[in-house]
Amino acid sequence: MSRVKEFNTENSTAGAETRECVLEIKDLRKSFGTNKVLNGFNMNLYQGESLVVMGKSGSGKSVMIKCVVGLMEADRGSIKILGKELTHLERAALDQLRAEIGFLFQGSALYDSMTVRENLEFPLRRHAARMKNDADTETLVLEALESVKLAHTVDLMPNELSGGMKRRVALARALILKPKIILYDEPTSGLDPITSKEIINLMQEVQQKYNTSSLIITHDVDCARVISDRMVLLVDGINYAEGNFKELSQSVDPKVRAFFK
Amino acid sequence: MGSFFDEVGDLSRFTARFFREGFRPPFEWSEFFKQCYNVGNRSLTLVGITGFIIGMVFTMQSRPTLIEFGAVSWMPSMVGLTIVREVGPVLTALICAGRIGSGIGAELGSMRVTEQIDAMEVSGTNPFKYLVVTRVMACIFMLPLLVFFGDALALYGSYLVENIKGDVSFQLYFNQVFDALAFGDLLPSTFKSFFFGLAIGVVGCYKGYNCSKGTAGVGVAANTAVVVSSLLLFILDFMAVMVTDIFYDL
């Protein structure tokens, strides 16, 4: 019997099964000492979908997303990205697969010794071959910056940017290889409500423009309400509940309700 | 005690990984040259000034004793041997441990806690190759050059004191210095400078790369990088002298 509480799945995942599954996580387990952070987490992300994973601080959201990009090794379980099993990949193949995944870090993680231009050029260095039939580097950098409305910052250093601008430049860097999947780790944390709203709008624009699939880790209910097609609640290391925002927010389950108070 | 051996084990594994990845393509040449410039340029002035002053002070302190024994003419050879064999490499390495080791520890530590190293990994670049291999290589290649530079200024400082106090000409002073020096003095000191560079680079990178516990951890990484690499320098120096003794019969 499934532990997952699905809320009106007919509506929330309507049409999802007919789309290509770009990310499939099965029975993911990860412990730190005796602390079981992920205890059999399952999740699917479909092409063009915005999936929000919500959980309390320390619930293992960031651990899960780091396992997805290979920054952490899971103790057990399977992660399949674009049909490739992550745990079986060699370093070179993993790097190639990473070109299909954009990652927006919680603190932006811009390289502070490089200009905005160099930050955006950095991912292109490793994947130049993949880009050889595309426009030249300069065009790609400017195009990515224009998509986050920051083309004028191209020669600035990260310490000359505000928190919101850093987050947008980081998003441009995540987009520069035109990935099929974008992973957002707390995209609005530490930002004021107005800047948060700008970032959320930008995420929606990016999704429409590039037709990417988005996996968003957050505990910001407003962000989840606006951007999610579907949500997964991560509680006690498992996908405790799944559904769309409306369904989950109307749930009577106390553990689910706790997220929407 | 257990944590000490854990640390030694981790540092050894980190060093082994440097040798494993350092000689496997792709090579990050532009980052390597940038780091060479940083390491050399960052320490040049300090090494030069310290060497110059040490040369002068050493000569001023030794002079009265040598005069007492009527051996003041031995001053250039004594200073030359001392500076080239021991004081130059060790002093330069200690300055670099303080300046470069702490800088690398703090830089990589800050990159670790702000997830920049993770961002590099996600973008398909091997951060170990890009950050660690280039910095350690730069330390290995730049430290002997800094030692030569420090030695040269220390000898020049010594000559200035001798010139002022004993009216010794530049040519006479340096003729005596180079007469006293043999290949067996230059080779071991140059060779051990490579190892000093390796120790400073590896320890600085190891501390920074494995930094944790937020911004406080960055300070700890910078600080322990200096302490551990300085200690390691003395151990390496002792080992180098032992080996030199076997081959050159000091």
Side-chain angles (χ1 to χ4, degrees), chain A residues 32 62-63 65-72 81 89-114 118-131 158-159 166 169-171 173-177 179 181-183 185-186 190, chain B residues 6 17 20-22 24-39 41-42 100 103-135 138 204-205 208-215 217-218:
Chain A
F32 295 97
S62 293
V63 170
I65 208 169
K66 282 182 177 171
C67 288
V68 169
V69 282
L71 286 173
M72 260 183 202
I81 302 172
L89 289 180
E90 293 291 320
R91 170 102 208 180
L94 178 61
D95 284 344
Q96 283 307 311
L97 184 61
R98 280 169 170 164
E100 308 287 356
I101 308 167
F103 196 122
L104 181 70
F105 285 86
Q106 191 172 350
S108 305
L110 294 178
Y111 311 125
D112 47 22
S113 60
M114 300 181 194
E118 288 163 342
N119 263 280
L120 267 73
E121 282 172 356
F122 197 86
L124 294 173
R125 302 163 60 247
R126 276 287 162 267
H127 303 285
R130 191 171 168 272
M131 291 284 148
N159 62 8
K166 278 184 191 167
V169 171
L171 180 56
R173 187 178 64 183
L175 286 171
I176 198 149
L177 290 171
I181 305 167
I182 303 189
L183 310 177
D185 189 3
E186 305 277 9
Chain B
D6 282 348
R17 188 177 171 193
R20 208 169 49 241
E21 300 212 12
R24 197 185 291 163
F27 301 110
E28 304 283 357
W29 290 112
S30 64
E31 182 64 12
F32 166 68
F33 289 121
K34 190 176 148 195
Q35 290 308 321
C36 282
Y37 175 76
N38 279 345
V39 168
N41 189 45
R42 227 189 258 176
I100 303 166
I104 291 175
E107 186 187 10
L108 295 195
S110 153
M111 289 183 79
R112 170 62 75 196
V113 299
T114 56
E115 295 182 309
Q116 291 176 51
I117 294 180
D118 287 345
M120 224 169 248
E121 178 107 42
V122 168
S123 73
T125 295
N126 181 344
F128 194 91
K129 267 183 166 319
Y130 188 82
L131 298 171
V132 176
V133 172
T134 53
R135 279 163 178 77
C205 288
Y209 200 77
N210 296 302
C211 172
S212 58
K213 295 172 188 165
T215 44
V218 178

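Every heavy atom of this structure was used, including side-chain atoms; hydrogens, water molecules and symmetry mates were not. The model shown is predicted, which means the values in this text are computed figures rather than measured ones. So you know, we letter chains A, B, ... as the sequences are listed, proteins then strands, and number each from 1.
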Original post:
Which residues, numbered in order, of residues 118-125 of chain B come under 4.5 angstrom of chain A by heavy-atom distance?
Top reply: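 Answer by number: B:Asp118, B:Ala119, B:Met120, B:Glu121, B:Val122, B:Ser123, B:Gly124, B:Thr125.
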Original post:
Which region of A:Leu94, side chain (C-beta onward) or backbone (N, CA, C, O), has a non-hydrogen atom less than 4.5 Å from a non-hydrogen atom of chain B, or is it both or neither?
Top reply: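 Neither part, no heavy atoms under 4.5 Å.
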Original post:
What part of A:Met114 is in contact with chain B, defined as an atom under 4.5 angstrom from a non-hydrogen atom: side chain, backbone, both or neither?
Top reply: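 For A:Met114, the side chain is the part near chain B, not the backbone.
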Original post:
Between B:Glu115 and A:Lys66, which heavy-atom pair has the shortest distance, and what is it?
Top reply: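 Looking at all heavy atoms of both residues, the closest pair is OE2-NZ, 3.5 Å.
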Original post:
If you look at every heavy atom in A:Arg91 and B:Pro127, which pair is closest and at what distance?
Top reply: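 Distance-wise, the nearest heavy atoms are NH2-CD, 4.1 Å.
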Original post:
Do the ring centers of B:Tyr130 and A:Tyr111 come within less than 6.0 Å of each other?
Top reply: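 Not under 6.0 Å, so no.
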Subject >> Heavy-atom neighbours of B:Phe27 CZ exceed 12 at 6.0 Å >> reply: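 It does: B:Phe27 CZ has more than 12 such atoms within range.
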